[in-house]
Amino acid sequence: MRVALFLTCVNDTLYPDTGRAVVRLLDRLGVDVDFPPAQTCCGQAHYNTGYRHETEPLARHYAEVFGEYDAIVTPSGSCAAMVRELYPRLGERARAEGRGAALAGVLAPVVPKTYELTEFLVDVLGVTDVGAVYPHKVTYHPTCHGLRSLGLGDRPRRLLEAVRGLELVELPGADECCGFGGTFAVKNAGVSAAMGADKMRNAESTGAEVLCAADNSCLMHLGGTMSRAGSVVRPVHIAEILASTEEEPAR
């Protein structure tokens, strides 16, 4: 199986260690991972802000870059949801506007091959115990795209529960949005900040050292909220926890 890592803009720019963690983890599980250097943005920010036509060249480029692979793995629930849920809509809208079926035909092959990391581990590789060691108290936040668009369900929890030394505690109001929502946080800053503060307080109430999620964009928002409030809880991407071992521990 030829597997490609789709790192995403946020991770490439701000959280490259998450990508490195994905590669270490998959390599440990016997998966050879390519990193196509021509990859760019999937177009999620453009699409969600209303620039649908401007999204189309980015979607075409994604299909060109990743089309030859058997699986495309990304440590981002929101970007995986963009490809799986919204690329088909792009194609159908182009068809409805009388521009033909070409876009839909280009995008269709990559849609079912794009996996969020925990989906790939549980559904494709068939593993929940990845040999990780992480001796910390952790609470898990299921992000909106993973929860509602991808239907990740208990996959992340099953992976975390198998990590040696990890104490997983329930997050109150776990299914509530953290308030990021991409450009929502810019356009509705006050509401976004209030939602982030609620999520932070819920995380602190668990006594956890670490707030874990499968999407760094949400963790960026929550990390900023917690940093400004002086919280002792740290945001950590699930890939970094799953890649952690006794020989190479994550913080």
| query | Judged by atom type as modelled, is there a donor-acceptor pair below 3.5 Å linking the side chain of Arg28 to the main-chain atoms of Ala243? | reply | yes
| request: Check whether any side-chain N or O of Asp12 sits under 3.5 Å from a backbone N or O of Thr8 as a donor-acceptor pair, and report yes or no. | output: no
| field | Minimum heavy-atom distance Ala213-Thr143, with the two atoms named | value | CB-CG2, 4.0 Å
| Residues Val130, Leu29; criterion side-chain contact (heavy atoms from CB on, under 4.5 Å); working and verdict | CA-CA 7 Å; Val130 298; Leu29 296 174; 4.1 Å; yes
| said: Show the nearest heavy-atom pair for residues Phe6 and Thr74, with the distance to one decimal. | reply: O-OG1, 2.9 Å
| Donor + acceptor pair across side chains of Ser231, Glu204 (<3.5 Å) | yes
| said: Membership question, hydrophobic clusters at under 4.5 Å side-chain separation (ILVMFWY): are Val124 and Leu152 in the same one? | reply: no
| task | Check whether more than 12 heavy atoms from other residues, nucleotides or ligands sit under 6.0 Å from atom OH of Tyr51, and answer yes or no. | result | no
| message | Set out, in order, the CA-CA distance, both residues' side-chain angles and the distance that settles salt bridge (charged side-chain N to carboxylate O under 4.0 Å, His left out) for Arg148 and Glu85, then state yes or no. | response | CA-CA 11 Å; Arg148 297 174 176 86; Glu85 184 176 36; over 6 Å; no
| task | With the side chain counted from C-beta on, respond yes when Val233 and Met200 share a heavy-atom pair under 4.5 Å apart, and no when they do not. | result | no
| task | In plain terms, say whether Arg95 and Glu92 are close enough for a salt bridge, that is, a side-chain N and a carboxylate O under 4.0 Å apart. | result | yes
| Ser149 side chain to Ala81 backbone, donor-acceptor under 3.5 Å | no
| At what distance, to the nearest 0.5 angstrom, does OG1 of Thr225 lie from CZ of Arg201? | 10.5 Å
| message | Between Glu116 and Cys79 (side chain of the first, backbone of the second, donor and acceptor by atom type, cut-off under 3.5 Å), is there such a pair? | response | no
| Between Lys199 and Ala194, is there a donor-acceptor pair closer than 3.5 Å when you use the side chain of the first and the backbone of the second? | no
| query | Hey, what do you get for CZ (Arg20) to CG (Leu7), rounding to the nearest 0.5 Å? | reply | 9.0 Å
| said: Between Phe66 and Tyr62 (judged by ring centroids, cut-off 6.0 Å), do the two rings come close enough to count as a pair? | reply: yes
| task | Report whether Val210 and Leu117 are members of the same hydrophobic cluster (ILVMFWY, side-chain heavy atoms less than 4.5 Å apart, transitive linking). | result | yes
| request: Measure from the side-chain N and O atoms of Ser227 to the backbone N and O of Gly223, and report whether any donor-acceptor pair falls under 3.5 Å. | output: no
| Cluster link Leu58 to Leu86, ILVMFWY, side chain under 4.5 Å | no
| message | Within the structure provided, determine whether His61 and Gln39 are in side-chain contact (heavy-atom separation under 4.5 Å). | response | no
| Side-chain ion pair, Asp154 and Arg157, N-O less than 4.0 Å | no
| request: Consider only side-chain N and O atoms of Glu54 and His46, and report whether a donor and an acceptor are under 3.5 Å apart. | output: no
| field | From CA spacing to verdict: side-chain contact (heavy atoms from CB on, under 4.5 Å), Val110, Ile72 | value | CA-CA 8 Å; Val110 296; Ile72 306 143; 4.2 Å; yes
| Side chains of Val122 and Val127: closer than 4.5 Å at any heavy-atom pair? | no
| Distance-minimising heavy-atom pair for Asn202 and Pro172 | ND2-O, 3.2 Å
| task | Give a yes or no on whether Glu97 atom CD has more than 12 heavy-atom contacts from other residues, nucleotides or ligands under 6.0 Å away. | result | yes
| said: Tell me if a side-chain donor or acceptor on Thr139 pairs with a main-chain N or O of Val169 at a distance below 3.5 Å. | reply: yes
| query | side-chain contact (heavy atoms from CB on, under 4.5 Å) between Leu242 and Tyr134: does it pass, once the steps are laid out? | reply | CA-CA 8 Å; Leu242 298 178; Tyr134 193 76; over 6 Å; no
| request: Indicate yes or no: at least one non-hydrogen side-chain atom of Leu211 is less than 4.5 angstrom from one of Leu222. | output: yes
| said: When you measure from the side chain of Asp215 to the backbone of Gly77, do you find a donor-acceptor pair of N or O atoms at a distance under 3.5 Å? | reply: yes
| message | Looking at Asp129 and Arg164, is any side-chain nitrogen of the basic one under 4.0 Å from a carboxylate oxygen of the acidic one? | response | yes
| query | Is any side-chain N of the basic residue among Glu240 and Arg24 closer than 4.0 Å to the acidic one's carboxylate O? | reply | no
| Of the non-hydrogen atoms in Ala208 and Val138, which two are nearest, and what is the gap between them? | CB-C, 4.0 Å
| note | Separation between CG (Leu107) and CZ (Arg60), nearest 0.5 Å, reads 7.0 Å
| How are the rings of Phe180 and His221 set to each other: parallel, tilted or perpendicular (split at 30° and 60°)? | tilted
| message | Is any side-chain heavy atom of Leu168 closer than 4.5 Å to one of Tyr140? | response | yes
| Non-hydrogen side-chain atoms of His237 and Pro75 separated by less than 4.5 Å | yes
| Could you go step by step and tell me if His141 and Glu176 meet the side-chain hydrogen bond (donor to acceptor under 3.5 Å, both in side chains) rule? | CA-CA 9 Å; His141 166 57; Glu176 297 174 6; over 6 Å; no
| request: Measure the spacing between CG of Asn11 and CG of Asp17 and express it to the nearest 0.5 Å. | output: 10.0 Å
| message | Show the nearest heavy-atom pair for residues Met195 and Phe184, with the distance to one decimal. | response | SD-CE2, 4.3 Å
| Main-chain N/O of Thr245 paired to Glu248 side chain as donor or acceptor, under 3.5 Å | no
| query | Cluster question for you: counting only ILVMFWY and a side-chain heavy-atom cut-off of under 4.5 Å, with indirect links fine, are Val33 and Leu25 together? | reply | yes
| query | Would you say the side-chain atoms of Lys113 pair up with the backbone N or O of Gly67, donor to acceptor, closer than 3.5 Å? | reply | yes
| Electrostatic pair Arg155-Glu119, nearest N-O below 4.0 angstrom | no
| field | Rounded distance [0.5 Å steps], CG in Leu103 versus CD in Glu56 | value | 5.0 Å
| said: Using 0.5 Å steps for rounding, measure from the OG atom of Ser76 to the CD atom of Gln44. | reply: 6.5 Å
| request: Compare all side-chain heavy atoms of Thr55 with those of Leu90 and state whether any distance is below 4.5 angstrom. | output: yes
| query | In the single-linkage hydrophobic clustering (I, L, V, M, F, W, Y; side-chain heavy atoms under 4.5 Å), do Val133 and Ile238 co-cluster? | reply | no
| Residues, nucleotides or ligands: over 12 heavy atoms within 6.0 Å of Asp70 CG | yes
| Minimal non-hydrogen separation, Gly19 against Leu5, with atom names | O-CD2, 3.9 Å
| query | Would a 4.5 Å heavy-atom cut-off, applied to side chains only, mark Met220 and Leu14 as touching? | reply | yes
| Working for side-chain contact (heavy atoms from CB on, under 4.5 Å), residues Met82 and His145 | CA-CA 9 Å; Met82 175 65 193; His145 284 96; over 6 Å; no
